[in-house]
There are 2 protein chains.
Amino acid sequence: MEGSIEHQHPQSAPGGISRCASDDALARSLAALSHPARIRILRHLSNVEGCCCKDVVDHMPLAQSTVSQHLKVMLEAGLIRMKPEGGRSCYTVDRAALAALSASVSGLLEACVAGTASDQKS
Amino acid sequence: MEGSIEHQHPQSAPGGISRCASDDALARSLAALSHPARIRILRHLSNVEGCCCKDVVDHMPLAQSTVSQHLKVMLEAGLIRMKPEGGRSCYTVDRAALAALSASVSGLLEACVAGTASDQKS
DNA sequence: ATCGGTCATCGTCGATATACGATAACCAAT
DNA sequence: ATTGGTTATCGTATATCGACGATGACCGAT
């Protein structure tokens with residue numbers, strides 16, 4: 001019943017650009033981005049150049065625990081980074097990861113637009 | 001803490017919050033794309049320049065009903081189009097929509113990379 | 001009219017997502 | 001040590017997702 005789509009080890013590439021090579025990885029990154037609250041949080045983080053959880057909470061109509069969860073989702077997806085700072089946590093966007101994701105998404109979509117989307121399975 | 005917070009308002013508020021509409025739309029499009037099976041289906045559709053549901057099923061380890069549901073998700077998100085064709089349904093990628101989505105995602109992510117992601121008021 | 005092929009939908013089931021409040025931990029300052 | 005502020009996590013409740021099989025509808029060919 002399971003099995004579903006093949007799932008190869010991402011095997012982190014050395015260069016770093018092809019971080020979102022497989023469909024699974026790309027889907028995961030997109031899932032981390034496909035929530036309006038997380039999009040807003042990402043925007044806010046990029047604006048203020050790093051801030052703590054409460055800062056985000058003060059800018060959103062969500063509970064602290066909810067914001068913390070959204071941050072965790074993006075953190076685990078590698079979209080943002082976290083650095084403990086005294087009693088707080090300083091969150092910053094991972095610009096390299098965002099740039100790589102942007103390239104991956106554009107690559108996929110533009111290839112589909114052009115009709116040159118090869119079935120690069122695995 | 002804020003007292004009562006409206007968590008879900010189906011937009012349409014005259015002077016209400018309009019900044020959520022864009023994020024919501026983008027999040028919805030991304031959600032339609034954030035599944036490995038749908039990414040693969042989209043690639044296949046773009047390769048063959050339109051095909052029927054069974055064609056997709058034959059290229060994926062999923063049941064026909066499952067593929068049909070994935071197609072429906074992307075259809076309702078506006079990523080693909082459908083045209084009845086005899087006893088089948090001819091699915092094609094909506095290249096304009098994909099190009100627009102690509103631009104939107106790149107716009108968001110590049111703005112975050114550059115730190116110029118304003119909290120879009122308009 | 002019947003058959004074969006195709007498709008969308010229904011019902012179901014388990015897993016996941018999303019939201020919240022409550023709680024404990026942690027640090028800085030008193 | 002106690003207080004106050006911040007954060008992560010737990011537990012819970014609800015909603016949605018993702019998959020499947022079964023079913024009925026639809027069309028073309030027999």
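Throughout, protein chains are lettered first and strands after them, A, B, ... in sequence-line order, and every chain is numbered starting at 1. From a predicted model like this one, the values you see are computed outputs, not experimental measurements.
- Atom CD in A/Glu85 sits roughly 14 Å away from atom P in C/dC27 (whole-Å rounding).
- For A/Lys72, taking side-chain heavy atoms from C-beta onward, the closest of the listed nucleotides D/dT9, C/dG21, D/dA19 is D/dT9.
- Under the 4.5 Å side-chain heavy-atom criterion for Ile, Leu, Val, Met, Phe, Trp and Tyr, B/Val73 and A/Leu109 are members of distinct hydrophobic clusters.
- The listed nucleotides are C/dC20, C/dT9, D/dT9; the one nearest the side chain of B/Ser68 is C/dT9.
- For the pair B/Arg28 CZ and C/dA17 P, the computed distance is 19 Å after rounding to whole Å.
- Contact check, B/His35 against D/dA19: a side-chain N or O comes under 4.0 Å of OP1 or OP2.
- Checking A/Arg38, A/Arg81, A/His35, A/Met82 one by one against A/Met74, the side chain to side chain contact (heavy atoms under 4.5 Å, CB included) holds for a single residue, A/Arg38.
- Atom CD in A/Glu76 sits about 15 Å away from atom C1' in C/dT18, given to the nearest Å.
- For D/dC20, the OP1/OP2 oxygens have no side-chain nitrogen or oxygen of B/Ser65 closer than 4.0 Å.
- In this structure, B/His70 does not reach the D/dC17 phosphate: none of its side-chain N or O atoms is under 4.0 Å from OP1 or OP2.
- One atom, CD1 of A/Ile39, and another, P of C/dT18, lie 12 Å apart when rounded to the nearest Å.
- Of the candidates D/dC20, D/dA8, C/dC7, the closest approach to any side-chain atom of A/Ser89 belongs to D/dA8.
- Distances were taken from every side-chain heavy atom of A/Leu62 (C-beta onward) to each of C/dA8, D/dC20, C/dC20; the shortest belongs to C/dC20.
- Closest approach of B/Ser29 to B/Leu101, counting heavy atoms only: CB-CD1, 3.6 Å.
- A/Lys83 has its NZ atom 16 Å from the C1' atom of C/dC27, to the nearest Å.
- The listed nucleotides are D/dA19, C/dT6, C/dA8; the one nearest the side chain of B/Arg88 is C/dT6.
- Per the geometry, CD belonging to B/Gln69 stands 13 Å off C1' belonging to C/dC13, to the nearest Å.
- A 6.0 Å sphere centred on CZ of A/Arg95 holds more than 12 heavy atoms belonging to other residues, nucleotides or ligands.
- Comment: A/Arg88 does not engage A/Asp55 in a salt bridge, judged by the lack of any side-chain N to carboxylate O separation of less than 4.0 angstrom.
- Nearest-nucleotide assignment on DNA chain C puts the 5′-proximal partner with B/Cys52, out of B/Cys52 and A/Val67.
- The distance between atom CG of A/Leu71 and atom P of C/dA17, rounded to the nearest whole Å, is 16 Å.
- Protein atom NZ of A/Lys54 is 12 Å distant from nucleotide atom C1' of D/dG4, rounded to whole Å.
- Contact annotation: B/Tyr91 side-chain N/O to C/dT6 OP1/OP2 distance is not under 4.0 Å.
- Within 3.5 Å, a donor on the side chain of B/Gln64 pairs with an acceptor on the base of C/dA8, or the reverse.
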